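These numbers come from a predicted model, not from an experiment.
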Amino acid sequence: MSEIPCILGLDVSTTASKAVCIDAEGNLLGQAAHEHEQSSPYPLWSEQDPDAWWHAMCKSIQVVLELPSVDINAVKAIGVTGQMHGLVLLDSHGKILRPAMLWNDGRAGSQCEMIRERIGLERLVAITGNDAFAGFTAPKLLWVRDHEPGCYAKIAQILLPKDYIRWKLTGVYAADRAGAGGTLLLDLSTRTWAIDLLEALDIPESWFPPTHEGTESTGAINRVCASETGLLEGTPVYAGGGDQAAQAVGVGAIHPETWAVTLGTSGVVFAPSSQPRIEPLGRAHAFPHAIPGIWHMMGVMLSAAGSLQWYRDTLARQISYEQLLSESSEVEAGSEGLYFLPYLTGERTPHADPLLRGSFIGLTARHHRGHLTRAVLEGVAYGLRDNLQLLYEAGLPAPERILISGGGAKSNLWRQILADIMGHSLSVVEVTEGAAIGAALLAGTGVGVWNSIQEACNVTISVHEQSIPGEAAETYADLHKKFKDLYPRLKAFYHS
């Protein structure tokens, strides 16, 4: 067995609890994932059982530790990441008070309006860097206060999903600052809880855990966790980051000149910054990065590769993704006038509208399945271009390069459509479970395996093929103008 130190990265995503193990040379020694279910008992609701996360995480950790490539004695540190914005409520005994409300839960629209009215949009954005979105933690907490007062009265501790896992690992309440930024209750400039905002909303500061930079220690594996997972008691656990910030570390988006696009269930355009920046109306998200002294802005669309999954599962269940993409490759750019609006669960940026809905616009008898598939790919790409342009409008200079990762990025066709529509070359990062890898890099840097995040990225990240804008780019520039015109035309209809 090698004496090279190794690091665990743990990721509680929307779909599964994942564990990866890498060594100091960046080699992937093992990975495992165990799924957990998502519940939607009413329209706009999205919930999960935090204990389901933990049971699935224990299984994933056990599988990794049992691999012959992994030496438990060589595990020097553990990093934690996970889905952002979720609301986990505990009582004074650490008992879960209700199912966790997730990032894609849209029920708290009226609470967002209340926050804007009480704080003022300009002040809210100035403090937090963000407008109030239904998916953020603060509006969901106020929804509980308004609709479940008995539950609200028992609250003693509020955690984000990954920080519930951290507590189960260590027995310590703690949060990373990148993830905490997604609560709408963190001061963007100071990277600490916004006391004035908490007071204005009548939310006790005592409910929130201390915050830490991504490379800081937040405790160590305790005896109970060691018995449940097989981890060694005393192994240090580091702050890590919310999944988008950790994913950015995992692909190397750690400096302002390098941006990242993630084409996963949701779609993200992520732009690091050396100082806190805001979009004046809060249409783009602004959070601390998981790296000390770095911030970021990002645009997030809720249904990116998730749109393609919905399309296949609903309309072409018996057809493989490969066949669908092959059919769409034979269709010309623009899908012969067919548009797809990828707003299947509302939208975050740039529209901040939970009532938006998905649509095919412009169907004719000439359109076949290949046209529909290509329209879905193009609609997602148009949405990502909307987010790219929004970050430019916020004053960010254009990046020198954009890195792309996520399940959708495996498609050569979809990457080319994205490069053409976004008008920028896209470099593919070969990474498995980027958020978990990023959490491992943060922990490894914290414990001294690497001297800096830059060194960690240099050692572990591989960038290969590139998609360059081609002849279709000019055509798509005109088509994108028509796509942007669809939202204002349809908004009143969706809201009715």
Side-chain angles (χ1 to χ4, degrees), residues 9-14 18 20 79-86 103 128-130 135-137 160-163 165-166 174-188 191-192 211-216 218 238-256 258-262 264 266-277 284-300 348-349 387 391 396 399 402-403 405-406 429 431 433-446 452-454 456-457 460-461:
L10 307 180
D11 178 12
V12 52
S13 76
T14 315
K18 310 168 187 178
V20 303
V80 185
T81 186
Q83 52 177 296
M84 297 177 65
H85 315 303
W103 60 275
T128 69
N130 298 277
F136 282 2
T137 313
L160 296 168
K162 70 178 177 336
D163 299 323
I165 297 299
R166 184 194 316 280
D176 77 282
R177 288 170 182 161
T183 63
L184 198 66
L185 295 170
L186 193 84
D187 186 304
L188 181 66
R191 302 163 79 103
T192 58
T211 62
H212 302 266
E213 298 291 355
T215 53
E216 292 179 352
T218 57
Y238 285 78
D243 58 358
Q244 295 304 328
Q247 172 80 16
V249 173
V251 301
I254 59 175
H255 297 301
T258 301
W259 293 15
V261 169
T262 303
S266 60
V268 177
V269 181
F270 186 104
S273 174
S274 58
Q275 60 187 5
R277 291 177 178 266
H285 301 323
F287 303 133
H289 205 322
I291 305 164
I294 301 292
W295 286 258
H296 71 88
M297 295 188 74
M298 67 177 178
V300 179
R348 286 259 290 269
T349 48
N387 283 287
L391 297 182
L396 291 174
I402 297 179
L403 307 170
S405 63
V429 179
V431 62
E433 301 299 347
I437 294 293
L441 298 185
L442 290 162
T445 302
S452 67
I453 292 294
Q454 181 68 69
C457 291
T460 60
I461 295 171

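A heavy-atom distance below 4.5 Å is not found between the side chains of Y238 and H212. Side-chain contact between S13 and D243: absent, with no pair of heavy atoms (C-beta onward) separated by less than 4.5 Å. Inter-residue side-chain proximity for L186 and P288 is flagged as met; some heavy-atom pair is nearer than 4.5 Å. Between P272 and W259, some side-chain heavy-atom pair lies under the 4.5 Å cut-off. Here the side chains of T215 and L442 are in contact, with some heavy-atom distance below 4.5 Å. Considering only heavy atoms from C-beta on, T137 stays 4.5 Å or farther from L185 through its side chain. Using a 4.5 Å heavy-atom threshold, the side chains of I294 and I254 count as separate.
Nearest approach of A253 to T258, heavy atoms of both residues: CB-O, 3.8 Å. Shown here for T349 and A284, the closest heavy-atom pair between the two residues is CG2-CA, 4.0 Å. Here the closest heavy-atom approach between residue L188 and residue G129 is recorded as CD2-CA, 4.0 Å.
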#### Entry: side-chain contact (heavy atoms from CB on, under 4.5 Å) between L160 and M84, intermediate numbers included
CA-CA 7 Å; L160 296 168; M84 297 177 65; over 6 Å; no
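In this pair, H296 and F270 present their aromatic rings parallel. The plane angle is below 30°, not in the 30 to 60° band. Below 30°, between 30° and 60°, or above 60°: for F136 and H285 the angle between ring planes is between 30° and 60°, a tilted geometry.
Checked by atom type and distance alone, the side chain of R277 never pairs as donor or acceptor with a backbone atom of A286 at under 3.5 Å. Checking side-chain atoms of T128 against main-chain N and O of N130 turns up a donor-acceptor pair under 3.5 Å. When atom types are taken as modelled, the side chain of T81 and the backbone of A436 share no donor-acceptor pair closer than 3.5 angstrom.
Scanning for ring pair (Phe, Tyr, Trp, His ring centres under 6.0 Å) contacts around W103 gives an empty result, with sequence neighbours left out.
Going from atom CD1 of I165 over to atom CG of L10 covers 8.0 Å, rounded to the nearest 0.5 Å.
For residues 174-186, the pairs satisfying side chain to side chain donor-acceptor pair (under 3.5 Å) are K162-D176, R177-T211, R177-E213, with sequence neighbours left out.
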